[in-house]
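A short write-up of the structure that comes next.
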There are 2 protein chains.
Amino acid sequence: MRWDGLHVIDREGPTPLYVQVADAVEARIKTGDLPVDRPIPSENQLVQEYEIARGTARKTIQLLRERGLVVTIVGRGTFVRPHPD
Amino acid sequence: MRWDGLHVIDREGPTPLYVQVADAVEARIKTGDLPVDRPIPSENQLVQEYEIARGTARKTIQLLRERGLVVTIVGRGTFVRPHPD
DNA sequence: TACCATTTGTCCGTATGTATG
DNA sequence: CCATACATACGGACAAATGGT
């Protein structure tokens with residue numbers, strides 16, 4: 001069975017949507033579900049998977065960059081960086 | 001006289017650009033100016049004719065698809081469907 | 001075979017306006 | 001006032017499919 005991660009999102013709670021989605025993606029990176037040097041879900045895919053606006057998806061990816069987890073290449077996508085461990 | 005449809009577009013009004021352009025193209029379909037099984041203007045042609053961004057042209061065509069007026073074939077174009085009437 | 005132009009598909013980046021809490 | 005979230009609109013870059021040379 002495939003896990004879409006939808007159930008971890010709480011739209012009523014105090015945590016911003018983009019932080020919740022970033023946490024969910026970070027978890028998938030940490031477990032290896034999203035492998036190093038492979039792309040994470042695109043903005044539009046995040047929009048569909050989590051039912052969020054594109055601006056929210058962009059904030060999610062920006063936060064993941066600030067956390068040092070991913071690098072973005074214009075016109076290609078956002079990729080998982082090698083883990084520092 | 002030739003009608004370019006440009007003058008019907010209102011960039012200040014409340015109606016989104018892509019809806020206005022879709023309405024204009026739908027009118028051309030309804031009058032037979034764009035015949036059945038023939039292509040409508042390509043995305044790039046809509047960009048030039050209406051002076052809009054390509055993303056706006058894509059939303060226009062997507063809306064026409066949702067209205068059931070056209071079908072799109074990758075690498076070929078978007079074509080007028082047979083009228084249901 | 002290879003190449004090329006056209007067209008649609010898919011990405012990212014940016015900006016503005018509106019609405020809500 | 002400010003942060004969050006969504007919708008609209010613009011721009012650029014690259015990929016895939018098609019059809020022709």
Using a cut-off of under 3.5 Å, enumerate the N/O to N/O pairs linking the protein to nucleotides 16-21 of chain D.
none

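- Contact of the A:Val25 side chain with the A:Leu64 side chain is registered, since non-hydrogen atoms from C-beta on lie closer than 4.5 Å.
- By the side-chain hydrogen bond (donor to acceptor under 3.5 Å, both in side chains) test, B:Asp33 is found to be paired with B:Arg28, residues two or more places apart in sequence or in another chain being considered.
- Among residue pairs with one or both ends in residues 14-27 of chain B, those qualifying as side-chain hydrogen bond (donor to acceptor under 3.5 Å, both in side chains) are B:Asp23-B:Arg67, B:Glu26-B:Lys30, B:Glu26-B:Arg67; sequence neighbours excluded.
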Can you give each donor-acceptor pair under 3.5 Å made by side-chain atoms of residues 68-78 of chain B, sequence neighbours left out, with the distance rounded to 0.1 Å?
unit_1  : atom_1 : unit_2  : atom_2 : d
B:Thr72 : OG1    : B:Arg65 : NH1    : 2.8
B:Thr72 : OG1    : B:Thr78 : OG1    : 2.8

Under 3.5 Å, which protein N or O atoms sit close to an N or O of nucleotides 5-8 of chain D? Give each pair with its distance.
unit_1 : atom_1 : unit_2  : atom_2 : d
D:dA5  : OP1    : A:Leu17 : N      : 2.5
D:dA5  : OP2    : A:Leu17 : N      : 3.4
D:dC6  : OP1    : A:Arg11 : NH2    : 3.3
D:dC6  : OP2    : A:Ala53 : N      : 2.8
D:dC6  : OP2    : A:Thr56 : OG1    : 2.5
D:dT8  : OP1    : B:Tyr18 : OH     : 3.1
D:dT8  : OP2    : B:Lys59 : NZ     : 3.3

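- A close approach under 4.0 Å does not occur between any side-chain nitrogen or oxygen of B:Ser42 and OP1 or OP2 of C:dT6.
- The interatomic distance linking B:Glu12 (CD) with C:dT16 (C1') rounds to 13 Å, in whole Å.
- Between A:Ile61 atom CD1 and C:dC11 atom P there is a gap of 11 Å when expressed in whole angstrom units.
- B:Val21 and B:Leu63 fall into different hydrophobic clusters, where Ile, Leu, Val, Met, Phe, Trp and Tyr are joined by side-chain heavy atoms under 4.5 Å apart, directly or via other members.
- Listed by chain and number, the residues in a side-chain contact (heavy atoms from CB on, under 4.5 Å) with B:Val80 are B:Ile29, B:Leu34, B:Val36, B:Ile40, B:His83 (sequence neighbours excluded).
- In this entry D:dA9 has C:dT14 as its Watson-Crick or G-U wobble partner, both defining distances falling under 3.5 Å.
- Take B:Arg58 and apply the side-chain contact (heavy atoms from CB on, under 4.5 Å) test, not counting sequence neighbours, and it matches B:Glu43, B:Arg54.
- Proximity of A:Thr56 to A:Glu51: side-chain heavy atoms (C-beta onward) are nowhere separated by under 4.5 Å.
- With a 4.5 Å cut-off on side-chain heavy atoms, A:Leu46 and A:Ile61 count as touching.
- Look at CG on B:Leu64: it is 15 Å from C1' on C:dT8, rounded to the nearest Å.
- Put simply, CD1 on B:Ile40 is 12 Å from C1' on C:dT7, counting in whole angstrom units.
- If you take CD of B:Gln62 and P of C:dT10, they are 11 Å apart, rounded to a whole angstrom.
- Following rounding to the nearest Å, B:Leu46 (CG) and D:dC10 (P) show an atom-to-atom distance of 12 Å.
- Spacing between atom CZ of A:Arg58 and atom P of D:dC10 amounts to 18 Å, rounded to whole angstrom units.
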